[in-house]
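Just follow the structure's listing: the first ligand is 1, and inside any ligand the first atom is 1.
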Amino acid sequence: MKNLYLIGFMGAGKSTIAWTLAKKCPAKRIEMDQLIEEQQGMAIKDIFAAHGENYFRDLETELLRSFSESTGYVVSCGGGSVLRDENAALMKENGCIVFLRATPETIYERVKDSTNRPILNGNMNVEYIRELMEKRRPRYEAVADICVDTDGKDVENISEEILKAVENRA
Ligand code: S3P
């Protein structure tokens, strides 16, 4: 298997689904945010505060490049990582991109208590999430090989749906 890249808005369930998929496949799991935090020895919010968003985006590109030749990974991607053409190209070349969709209300419920998502700092409300999601949605949809609606479904169903869709593409 090549790599599976899970993309989508913050709180779409990428990390949770990546855990389950990695067990089912089986595959190795990569959590981009977590790896970047480990490599930098800093929380995402502190990287943004100290160096700015562009620096963080460079780290995402570097990380994606570092395992782009490897296979057998399920990658939980940072919600903004696919916005750069270079990153989307790296994902496309090396695997299948799965877009996890959820409504702004669902997203809000999942992220409302998070203090480590600087993009939502000071804007933790459904309206802001809806607006940013609408801005990003065309991009997510354009790069995705597979789109999966997650509202009202459990992790098991979502994971099986993804695996079936991947098989059907093969
Ligand atoms: C971001 C999403 C976050 C993290 C960073 C920026 C974004 O990842 O990479 O805070 O721009 O959407 P999650 O999608 O895992 O929360």
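When hydrogens are left out, the protein atom nearest atom 11 (O) of ligand 1 is R57 NH2, 2.7 Å; that is the closest non-hydrogen contact. Protein heavy atom in closest approach to atom 13 (P) of ligand 1: D33 OD2, 3.4 Å. Counting only heavy atoms of the protein, atom 12 (O) of ligand 1 lies nearest to R136 NH1, 2.6 Å.
When all heavy atoms are compared, the tightest approach of R57 to I119 is NH2-CD1, 3.9 Å. Closest approach of R139 to A88, counting heavy atoms only: NH2-CB, 3.6 Å.
Heavy-atom contacts from other residues, nucleotides or ligands closer than 6.0 Å to NZ of K28 number more than 12.
Listed by atom number, the atoms of ligand 1 under 4.0 Å from F56 heavy atoms are 5 (C), 9 (O). Against a heavy-atom cut-off of under 4.0 Å, R117 is close to the following atoms of ligand 1: 16 (O). For ligand 1, the atoms lying closer than 4.0 Å to a non-hydrogen atom of G78 are 8 (O), 9 (O), 14 (O). Contact atoms of ligand 1 toward G80: 1 (C), 7 (C), 11 (O), 12 (O) (distance under 4.0 Å to a heavy atom of the residue). Atom numbering of ligand 1 starts at 1 in the shown order; those under 4.0 Å from a heavy atom of I44 are 5 (C), 10 (O). The ligand atoms of ligand 1 that sit less than 4.0 angstrom from a heavy atom of P118 are 10 (O). The distance from ligand 1 to the heavy atoms of I119 drops below 4.0 Å at these ligand atoms: 6 (C), 7 (C), 11 (O). Under a 4.0 Å criterion applied to the non-hydrogen atoms of K14, ligand 1 contributes the atoms 13 (P), 14 (O), 15 (O).
Using a 4.0 angstrom heavy-atom cutoff, E31 does not count as in contact with ligand 1. Heavy-atom separations between E53 and ligand 1 are all 4.0 Å or longer.
Salt bridge status for R84 with D58: present, with a side-chain N to carboxylate O gap under 4.0 Å. K164 and E161 are not joined by a salt bridge, as no carboxylate oxygen comes within less than 4.0 angstrom of a charged side-chain nitrogen. A salt bridge is absent between E31 and K14: the closest approach of a Lys/Arg side-chain nitrogen to an acidic carboxylate oxygen does not fall below 4.0 angstrom.
Here the straight-line distance linking atom CE of M10 with atom CZ of R110 works out to 13.5 Å at 0.5 Å rounding.
Of the possible polar contacts, none joining the N123 side chain to the Y128 backbone as a donor-acceptor pair under 3.5 Å is found.
Of the polar atoms of G8, none of the N or O atoms is found under 3.5 Å from an N or O of ligand 1, judged by distance alone.
Checking N116 against E37 by side-chain atom types alone, a donor-acceptor pair falls below 3.5 Å. Using modelled atom types, one finds a donor on one side chain and an acceptor on the other under 3.5 Å when comparing N87 with T61.
Nearest to atom 2 (C) of ligand 1 by heavy-atom distance, out of C77, S76, G79, is G79.
Under 4.0 Å from ligand 1, not a single heavy atom of M32 appears.
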